[in-house]
Amino acid sequence: MRTPLPGRRHGRGPRLHDMRHRFAAWTLIAWYRAGHDVEREIPKLATYLGHVHVNDTYWYLEAVPELLHLAAARLLLPEERVS
């Protein structure tokens, strides 16, 4: 095994950032599934995550395929929606 570079570590375990990303994604998924107004709720998540701009939180919608699908489904007319 190689010696890690300064500031690096061995292994591929989850990083703190990975857990933060998972929390944000799961929170948004739960809101969509529960029928919450995500547009109204997302500033709360942005504040909790410490994002200065709410746009930084909207990134999660694009980064997680299931979230992108859920967000896009909200834009469709009721008769076009696939459950």
Side-chain angles (χ1 to χ4, degrees):
M1 185 179 265
R2 295 187 300 203
T3 306
L5 297 172
R8 303 269 182 162
R9 61 185 172 83
H10 287 293
R12 293 189 172 111
R15 302 166 299 164
L16 183 58
H17 183 78
D18 298 327
M19 289 182 266
R20 174 186 164 92
H21 176 84
R22 178 75 115 204
F23 168 78
W26 279 358
T27 299
L28 288 165
I29 288 169
W31 286 345
Y32 273 108
R33 288 181 177 166
H36 291 291
D37 182 358
V38 176
E39 201 62 36
R40 192 185 85 218
E41 299 292 334
I42 205 163
K44 296 174 190 174
L45 181 60
T47 299
Y48 187 81
L49 293 172
H51 292 161
V52 176
H53 303 286
V54 100
N55 289 343
D56 297 335
T57 310
Y58 278 106
W59 174 83
Y60 289 102
L61 295 176
E62 297 174 12
V64 179
E66 183 178 357
L67 276 171
L68 187 56
H69 174 74
L70 289 167
R74 288 265 177 110
L75 299 175
L76 298 174
L77 296 173
E79 61 273 3
E80 296 175 326
R81 290 185 185 167
V82 177
S83 299

(Q) Restricting to salt bridge (Lys or Arg N to Asp or Glu O under 4.0 Å), what partner residues turn up for Arg33, sequence neighbours left out? (A) Glu66
Q: Write down the atom of Ala63, the atom of His21, and the distance for their closest heavy-atom approach.
A: CB-CE1, 4.3 Å
Q | Separation of Arg40 CZ from Trp31 CH2 (nearest 0.5 Å) | A |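 Rounded to the nearest 0.5 Å, the CH2-CZ separation comes out at 9.5 Å.
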Review item, side-chain donor-acceptor pairs of residues 52-61, under 3.5 Å, at least two apart:
{"residue": "Thr57", "atom": "OG1", "partner": "His51", "partner atom": "ND1", "Å": "2.5"}
{"residue": "Tyr58", "atom": "OH", "partner": "Glu39", "partner atom": "OE1", "Å": "3.4"}
{"residue": "Tyr58", "atom": "OH", "partner": "Glu39", "partner atom": "OE2", "Å": "2.8"}

Which atom pairs, donor and acceptor, lie under 3.5 Å between side-chain atoms of residues 41-49 and protein residues at least two apart or in another chain?
{"residue": "Glu41", "atom": "OE1", "partner": "Lys44", "partner atom": "NZ", "Å": "3.0"}
{"residue": "Thr47", "atom": "OG1", "partner": "Pro43", "partner atom": "O", "Å": "2.9"}

